[in-house]
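The structure appears below as structure tokens.
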Amino acid sequence: MKKNPFAGFKATPILATLTLIFAMCIFLDHTVDDDRNTSLHCIASAYRVGSGFEDSQQLHIENTGRGVNVSMSYYQGDKLTNKISAVGTVEKIKAPILTYAIDLSAGQYAKGLLQAAPSESLQEAITLAKYMVEDNDSEPFLVKVLEMNKAAGMVTIQIEPGNSLWVCKIK
């Protein structure tokens with residue numbers, strides 16, 4: 001019985017190539033995925049039967065590396081009526097649902113001049129956003145990442161307080 005001493009080495013080039021590809025994927029995942037300057041841009045519109053889309057809101061969260069900028073803009077039609085912005089720092093990251101606890105400070109509220117009174121639903125959203133950026137130590141500002149699709153550049157988040165759901169573009 002004659003055995004080939006190199007029979008086990010036929011698969012070595014394939015295994016070496018697969019190992020190299022796997023190592024490159026792990027390396028690129030840890031080095032290229034830099035979240036320091038990531039921003040989320042979210043838009044929500046209110047639809048009313050009979051009158052169509054009336055009011056809309058925009059949520060913008062930007063990680064600057066030194067902190068987090070959060071702004072909420074409220075529109076009636078195409079007019080910007082109210083804007084609330086704050087700067088904060090990420091205090092905690094919790095698991096198993098990826099949750100960021102953000103300590104907001106330096107909140108600002110701006111209202112357009114000579115604006116008509118907002119609708120009831122928009123006024124509730126403005127009041128809640130103003131509450132979130134005030135110096136309120138009783139409830140933290142939480143951003144829960146429910147679903148993330150980096151290939152499509154989309155993320156679904158939940159904001160608390162208020163329990164609002166947003167689907168955002170990752171930029």
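All heavy atoms count here, side chains included; hydrogens, waters and symmetry mates do not. The structure presented is a predicted model; accordingly, all values stated were derived computationally and were not measured. Note that the numbering runs from 1 along the sequence shown for the chain.
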_Is it true that E91 and T89 share a donor-acceptor pair across their side chains at a distance under 3.5 Å?_
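A donor-acceptor contact under 3.5 Å links the two side chains.
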*Output all residues satisfying side chain to side chain donor-acceptor pair (under 3.5 Å) with T156, sequence neighbours left out; order by chain, then residue number.*
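Side chain to side chain donor-acceptor pair (under 3.5 Å) list for T156, sorted by chain: empty.
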*May I have the step-by-step check of side-chain contact (heavy atoms from CB on, under 4.5 Å) for T64 and E62, ending in yes or no?*
CA-CA 6 Å; T64 62; E62 181 180 5; 4.2 Å; yes
*Validation row: H41, I43 side chains within 4.5 angstrom (heavy atoms)*: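 In contact.
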*Transitive ILVMFWY cluster of L146 at side-chain heavy atoms under 4.5 Å: who else is in it?*
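Via sub-4.5 Å side-chain contacts, L146 links to I97, L165.
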Residue pair [X] / [Y]: nearest heavy atoms and the distance that separates them:
X	Y	result
Y75	T81	N-OG1, 4.2 Å
M72	L59	SD-CD1, 3.4 Å
S71	K83	CB-CE, 4.1 Å

_Same apolar cluster (I L V M F W Y, side chains within < 4.5 Å links), Y100/M148_ =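 Shared cluster, yes.
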*Side-chain heavy atoms under 4.5 angstrom apart, residues restricted to Ile, Leu, Val, Met, Phe, Trp, Tyr: same cluster for L142 and V87?*
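Each belongs to a different hydrophobic cluster.
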Euclidean distance, [Y] [atom2] relative to [X] [atom1], rounded to 0.5 Å:
X	Y	atom1	atom2	result
I157	K144	CD1	NZ	12.5 Å
Q58	W166	CD	CH2	8.5 Å
L40	H60	CG	NE2	8.5 Å
I61	C42	CD1	SG	6.0 Å

_Determine whether M154 and V167 satisfy the following criterion, side-chain contact (heavy atoms from CB on, under 4.5 Å), listing intermediate values before the conclusion._
CA-CA 7 Å; M154 302 296 284; V167 177; 3.6 Å; yes
*Among V145, V143, L98, which residue meets the side-chain contact (heavy atoms from CB on, under 4.5 Å) test with V155?*
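Only one option passes, and that is V145.
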